A.B. asks: 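Here it is: the structure, laid out below.
Please read all numbers here as calculations on a predicted model, not as lab measurements.
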Amino acid sequence: MTTQQESRPHAAAKPVRWAADAVATMREGARLRLDYSAQSLWRVDRMIEELRREGTPYPAVETMLRGFGAYAGEVVVRQTGAEWWAGGGDHWVRTPDGRLWDPIDEARRCFAGDGSLRLLCRDATRGTARN
């Protein structure tokens with residue numbers, strides 16, 4: 001019997017690891033529990049906003065933002081049955097309706113003050129969530 005992670009496409013390997021790293025870092029460092037729910041993305045958006053308000057330099061948070069974006073992508077994958085796609089070093093989520101989403105770039109946009117992982121998830125799961 002294979003696990004869910006083993007049966008997923010190869011494109012998912014890196015984002016799944018990045019998301020898990022973000023979850024572990026937030027649990028251990030910030031005492032923030034992320035449970036792969038859509039509601040948890042409120043906390044992630046607030047964490048990114050706090051980093052931005054503090055004036056944290058982008059290079060200092062680049063890896064964490066990638067992890068937060070991958071985490072948001074995993075929320076979409078788990079809620080909709082979407083799949084990770086990869087090409088040219090970039091990773092996207094393709095929802096069952098064929099739309100492509102870039103949660104990793106959305107995390108960067110959040111840090112720049114123009115994005116929301118919570119809203120990306122809401123839009124990506126609208127009408128495609130598993131029953």
Side-chain angles (χ1 to χ4, degrees):
M1 177 181 225
T2 61
T3 66
Q4 180 182 5
Q5 188 172 350
E6 290 171 341
S7 64
R8 295 187 42 205
H10 178 68
K14 286 183 179 180
V16 168
R17 185 177 68 241
W18 296 333
D21 289 347
V23 169
T25 299
M26 289 297 96
R27 181 182 62 243
E28 295 165 12
R31 303 276 188 244
L32 180 66
R33 185 175 182 276
L34 300 177
D35 61 4
Y36 293 94
S37 69
Q39 294 80 13
S40 69
L41 292 173
W42 283 90
R43 293 187 294 267
V44 174
D45 276 349
R46 283 195 306 264
M47 178 64 74
I48 294 171
E49 171 63 20
E50 187 177 314
L51 292 169
R52 186 175 69 76
R53 272 197 330 263
E54 290 173 354
T56 307
Y58 177 79
V61 295
E62 184 175 7
T63 300
M64 195 73 237
L65 292 173
R66 182 185 67 192
F68 283 151
Y71 174 79
E74 269 299 290
V75 171
V76 172
V77 165
R78 292 175 184 205
Q79 287 193 4
T80 67
E83 292 182 334
W84 281 101
W85 286 55
D90 294 325
H91 292 80
W92 308 277
V93 171
R94 182 177 176 153
T95 49
D97 61 8
R99 294 180 295 168
L100 287 174
W101 303 87
D102 191 344
I104 295 171
D105 187 56
E106 189 69 12
R108 294 179 191 120
R109 289 170 31 90
C110 289
F111 186 70
D114 186 34
S116 169
L117 294 173
R118 176 186 58 83
L119 295 178
L120 177 136
C121 180
R122 183 200 66 192
D123 293 346
T125 59
R126 186 171 284 157
T128 61
R130 291 180 176 172
N131 293 329

A.B. asks: Within the structure provided, determine whether M47 and V44 are in side-chain contact (heavy-atom separation under 4.5 Å).
C.D. replies: no
A.B. asks: Quick check for you: to the nearest 0.5 Å, what is the distance between S116 atom OG and E106 atom CD?
C.D. replies: 7.0 Å
A.B. asks: Among all residues two or more places apart in sequence or in another chain, which pass the salt bridge (charged side-chain N to carboxylate O under 4.0 Å, His left out) test with E50?
C.D. replies: none
A.B. asks: Distance check, rounded to the nearest 0.5 Å: S37 atom OG versus Q79 atom CD?
C.D. replies: 7.5 Å
A.B. asks: Could you tell me whether the side chain of Y58 reaches within less than 4.5 Å of the side chain of R108, counting heavy atoms only?
C.D. replies: yes
A.B. asks: Is any side-chain heavy atom of V75 less than 4.5 Å from a side-chain heavy atom of L117?
C.D. replies: no
A.B. asks: Could you state the interatomic distance from CG (L119) to CG (D45), rounded to the nearest 0.5 Å?
C.D. replies: 7.0 Å
A.B. asks: In the single-linkage hydrophobic clustering (I, L, V, M, F, W, Y; side-chain heavy atoms under 4.5 Å), do V16 and L34 co-cluster?
C.D. replies: no
A.B. asks: What distance do I104 atom CD1 and R66 atom CZ have between them, rounded to the nearest 0.5 Å?
C.D. replies: 7.5 Å
A.B. asks: What are the two closest heavy atoms between A72 and P103, and how far apart are they?
C.D. replies: CB-CB, 4.3 Å
A.B. asks: If we only count heavy atoms from C-beta on, is the D90 to D102 side-chain gap below 4.5 Å?
C.D. replies: no
A.B. asks: After noting the C-alpha distance and the side-chain angles of E49 and R52, does the key distance pass the salt bridge (Lys or Arg N to Asp or Glu O under 4.0 Å) rule?
C.D. replies: CA-CA 5 Å; E49 171 63 20; R52 186 175 69 76; 2.8 Å; yes
A.B. asks: Sequence neighbours left out, what passes side-chain contact (heavy atoms from CB on, under 4.5 Å) with A112? Give chain and number order.
C.D. replies: none
A.B. asks: Parallel, tilted or perpendicular for Y36 and Y71, by the 30°/60° rule?
C.D. replies: tilted
A.B. asks: Is a donor on one side and an acceptor on the other found under 3.5 Å between the side chain of T95 and the backbone of A124?
C.D. replies: no
A.B. asks: Could you check whether the rings of W18 and H91 sit parallel, tilted or perpendicular, using 30° and 60° as the cut-offs?
C.D. replies: perpendicular
A.B. asks: Looking only at heavy atoms, which two atoms of A70 and P15 are closest? And how far apart?
C.D. replies: CB-O, 3.3 Å
A.B. asks: Would you say that W84 contacts V93 through its side chain, given a criterion of any heavy-atom pair below 4.5 Å between the two side chains?
C.D. replies: yes
A.B. asks: How long is the straight-line distance from OG1 of T80 back to CZ of R99, given to the nearest 0.5 Å?
C.D. replies: 9.0 Å
A.B. asks: Given 3.5 Å as the limit, does a donor-acceptor pair link the side chain of R43 with the main chain of R33, or not?
C.D. replies: yes
A.B. asks: Provide the closest heavy-atom pair for S40 versus D35 in the form atom of the first, atom of the second, distance.
C.D. replies: CB-OD1, 3.6 Å
A.B. asks: Quick check for you: to the nearest 0.5 Å, what is the distance between D123 atom CG and R118 atom CZ?
C.D. replies: 9.5 Å
A.B. asks: Would a single hydrophobic cluster contain both W101 and W85, if residues Ile, Leu, Val, Met, Phe, Trp and Tyr are joined by side-chain heavy-atom contacts under 4.5 Å?
C.D. replies: no
A.B. asks: Answer yes if L41 and V61 sit in the same cluster of Ile, Leu, Val, Met, Phe, Trp and Tyr residues linked by side chain heavy atoms under 4.5 Å apart, and no otherwise.
C.D. replies: yes
